[in-house]
Amino acid sequence: LITCSFVLASRSVMFTSLVTAFMFYSIKQGRKISLAKVSIAGGITVIGVFAASAFRTGTISDFGGSTVFSQVLYGNTFSDIRDFAWVLGYWNGDLLLGKTYASGILSFVPSALSDFRQEWGMGHFTLTTTGMFSTERFHGGLRCTIFGEPYFNFGILGVIILSFIYGWIFESVNQKVIRYCRKGLYMRAYASSTILNILGCLMISSGAFSIYLFFLPILFLYLLGKTIDYSLGIRGKIRLYHQ
């Protein structure tokens with residue numbers, strides 16, 4: 001994942017992979033790991049994220065402490081809260097009743113072939129609500145925190161119910177990850193956390209396409225393995241019968 005992230009220039013993939021690996025190691029070490037190691041790892045990650053951003057935009061020569069401070073205050077760090085307030089200020093109060101979630105579930109259908117997806121995608125909703133939508137230039141839409149979409153779809157009740165489901169599943173995954181990491185079973189720990197990909201789409205449907213990209217290849221390989229096992233089993237029985 002880290003190697004591919006360099007090719008794709010994806011900061012999220014690269015640093016999420018690094019942080020996940022260090023987190024699993026830290027859980028395994030427990031109280032044996034020093035606070036200094038955690039602080040150094042955290043500092044390197046923060047600086048690395050902003051340095052990668054500067055390198056990608058070609059402004060690495062201007063990178064420094066003031067640049068990091070400016071990006072923290074005025075970059076994407078707090079943009080979710082800002083964007084949520086922005087959309088909320090223009091919203092007319094009509095609940096979407098799950099339309100953006102339905103659009104996310106149908107993400108395997110190209111937007112050009114679906115008027116429903118074009119109209120009710122969460123990104124399109126935020127742009128049309130704030131008057132930012134334009135056919136002349138592309139904009140992915142505003143981000144409204146993990147509670148924004150549940151609120152626009154189902155109001156306060158939706159936020160309460162979906163947050164309860166989110167918290168319950170997240171803690172269940174957390175307990176499994178801790179249990180596996182303490183036993184040194186890092187692959188099982190990672191595998192048990194993949195359900196969070198679906199959980200994230202419960203709060204932000206814009207990333208629902210990642211479910212198909214992540215799970216369909218796994219399902220294909222699983223079925224392929226079962227088919228091979230079945231084929232080998234049949235051949236073994238035939239060979240044994242002839243013997």
Side-chain angles (χ1 to χ4, degrees), residues 1-28 98-118 120-123 140 146 149-150 153 161-162 164-243:
L1 288 173
I2 296 170
T3 303
C4 291
S5 68
F6 281 106
V7 178
L8 300 174
S10 174
R11 291 179 300 163
S12 60
V13 176
M14 178 171 62
F15 287 101
T16 298
S17 303
L18 288 170
V19 169
T20 300
F22 182 76
M23 181 182 68
F24 285 2
Y25 167 77
S26 301
I27 295 173
K28 170 65 175 177
K99 292 186 179 70
T100 61
Y101 288 108
S103 175
I105 293 173
L106 295 173
S107 58
F108 60 90
V109 179
S111 298
L113 302 179
S114 173
D115 293 336
F116 180 85
R117 284 209 62 219
Q118 289 186 17
W120 295 110
M122 186 60 187
I146 63 172
E149 191 166 0
N153 277 275
I161 294 175
L162 291 180
F164 179 83
I165 296 172
Y166 183 90
W168 182 78
I169 297 177
F170 198 95
E171 176 58 17
S172 176
V173 171
N174 181 53
Q175 293 298 326
K176 290 180 180 179
V177 168
I178 292 175
R179 183 168 66 253
Y180 287 135
C181 286
R182 286 177 176 173
K183 296 179 180 179
L185 303 174
Y186 299 119
M187 291 301 294
R188 288 194 178 187
Y190 179 75
S192 65
S193 69
T194 55
I195 190 66
L196 297 181
N197 292 334
I198 297 177
L199 186 62
C201 298
L202 182 67
M203 310 302 283
I204 303 176
S205 66
S206 301
F209 69 93
S210 63
I211 295 177
Y212 301 105
L213 294 178
F214 189 87
F215 287 102
L216 285 181
I218 293 176
L219 179 61
F220 171 75
L221 292 174
Y222 172 78
L223 294 176
L224 180 62
K226 286 291 186 181
T227 302
I228 293 174
D229 289 343
Y230 178 77
S231 177
L232 292 176
I234 292 296
R235 291 179 183 177
K237 290 180 179 179
I238 293 175
R239 190 179 302 113
L240 183 62
Y241 174 78
H242 285 297
Q243 291 176 352

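Here the SG-CD distance, from Cys201 to Glu149, works out to 9.5 Å after rounding to the nearest 0.5 Å. Taking CZ of Phe24 as the reference point, atom CG of Leu185 lies at 11.5 Å (rounded to 0.5 Å). If you take CG on Leu196 and CD1 on Ile198, they are separated by 9.5 Å, rounding to the nearest 0.5 Å. Rounding to the nearest 0.5 Å gives a distance of 10.5 Å between CG of Leu199 and CD1 of Ile204.
In this structure, the side chain to side chain contact (heavy atoms under 4.5 Å, CB included) partners of Lys28, at least two apart in sequence or on a different chain, are Tyr186.
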Donor-acceptor contacts, no H, no angles, side chain residues 167-183, under 3.5 Å, sequence neighbours left out:
| residue | atom | partner | partner atom | Å |
| --- | --- | --- | --- | --- |
| Glu171 | OE1 | Asn174 | ND2 | 3.4 |
| Glu171 | OE2 | Gln175 | NE2 | 2.5 |

Show me the side-chain donor-acceptor pairs of residues 218-227 shorter than 3.5 Å, one per line, residues at least two apart or across chains.
| residue | atom | partner | partner atom | Å |
| --- | --- | --- | --- | --- |
| Thr227 | OG1 | Leu223 | O | 2.8 |

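Around CZ of Arg117, the count of heavy atoms belonging to other residues, nucleotides or ligands within 6.0 Å exceeds 12.
Scanning both residues, Gly98 and Asn153, for their nearest heavy atoms gives N-OD1, 2.7 Å.
The closest side-chain heavy-atom distance from Ser103 to Met122 is not below 4.5 Å.
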